[in-house]
*Asks:* 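Okay, here's the structure, questions in a sec.
Numbers restart at 1 for each chain; the letters A, B, ... are given by sequence-line order, proteins then strands.
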Amino acid sequence: KNEVEQSPQNLTAQEGEFITINCSYSVGISALHWLQQHPGGGIVSLFMLSSGKKKHGRLIATINIQEKHSSLHITASHPRDSAVYICAVGGTSGTYKYIFGTGTRLKVLA
Amino acid sequence: NAGVTQTPKFHILKTGQSMTLQCAQDMNHGYLSWYRQDPGMGLRRIHYSVAAGITDKGEVPDGYNVSRSNTEDFPLRLESAAPSQTSVYFCASTISQRVDGYTFGSGTRLTVV
């Protein structure tokens with residue numbers, strides 16, 4: 001069993017739909033990150049969470065430390081949201097070590 | 001443009017050949033790392049460096065070598081390529097330990113035949 005599990009692996013939605021991507025982990029962490037990988041391959045950071053909830057535009061990320069679970073929500077989805085969303089956990093001081101999930105491939109149809 | 005530059009973007013290599021993937025950053029970041037991305041697997045760290053002159057193994061270092069002679073450059077060398085090294089390689093830099101401080105290069109798609 002992978003230490004970081006994402007679900008679903010693939011997701012197709014219609015424009016305007018509310019989308020949820022889940023990340024569960026089995027290791028102790030100091031931080032959890034959500035990344036976005038564009039179809040051209042570039043990777044950018046969306047959020048870093050250690051507790052609670054963060055919001056940026058139409059994106060909302062939540063984390064439940066006790067349940068070792070995080071969700072990424074996209075409200076009013078748009079075709080430009082089509083990308084692979086990656087969850088990464090870690091941040092143990094001094095090692096820079098992160099464990100990455102396999103990603104959720106999202107396609108939003110117009 | 002400031003950021004992380006990787007070259008080449010694509011390459012096909014024959015088994016047993018050697019090759020160097022280039023990574024250069026112009027943000028004066030201390031930490032540089034190489035990751036590989038394979039289908040069905042998350043990004044996995046190959047080697048990393050916290051400063052010029054200091055390198056260390058990541059989680060999947062076998063078959064790869066790195067050097068860090070200055071702050072800007074962090075080349076990844078495959079001495080004798082194997083088909084198992086077919087992958088997409090990303091270089092990432094950060095000034096802090098947090099992943100959200102990372103800047104990723106655009107990737108190098110390498111095929112070993």
*Asks:* Using heavy-atom distances under 4.5 Å, tell me whether A/Q9 contacts chain B through its side chain, its backbone, both, or neither.
*Replies:* neither
*Asks:* Are B/L76 and B/V60 in one and the same hydrophobic cluster, where Ile, Leu, Val, Met, Phe, Trp and Tyr link if side-chain heavy atoms are under 4.5 Å apart?
*Replies:* yes
*Asks:* About how many Å separate CD1 of A/I43 and CG of B/L43, when rounded to the nearest 0.5 Å?
*Replies:* 5.0 Å
*Asks:* In Å and rounded to the nearest 0.5 Å, what is the CG to CZ distance from A/L35 to B/F104?
*Replies:* 5.5 Å
*Asks:* Among B/R44, B/M41, B/R109, who wins on heavy-atom pairs under 4.5 Å with chain A?
*Replies:* B/M41
*Asks:* Answer yes or no: does atom CD1 of B/I12 have more than 12 heavy-atom neighbours from other residues, nucleotides or ligands under 6.0 Å?
*Replies:* no
*Asks:* Find out if a path of hydrophobic residues (ILVMFWY) with successive side-chain heavy-atom gaps under 4.5 Å connects A/I74 to A/V44.
*Replies:* no
*Asks:* Between A/I65 and A/V27, is there shared hydrophobic-cluster membership here, with clusters defined by ILVMFWY side-chain heavy atoms closer than 4.5 Å?
*Replies:* yes
*Asks:* Is it true that A/F100 and B/V88 fall in one hydrophobic cluster, defined by side-chain heavy atoms closer than 4.5 Å?
*Replies:* yes
*Asks:* Quick check for you: to the nearest 0.5 Å, what is the distance between A/Y98 atom OH and B/Y35 atom OH?
*Replies:* 8.0 Å
*Asks:* With a 4.5 Å cut-off on side-chain heavy atoms, are A/I86 and B/Q37 touching?
*Replies:* yes
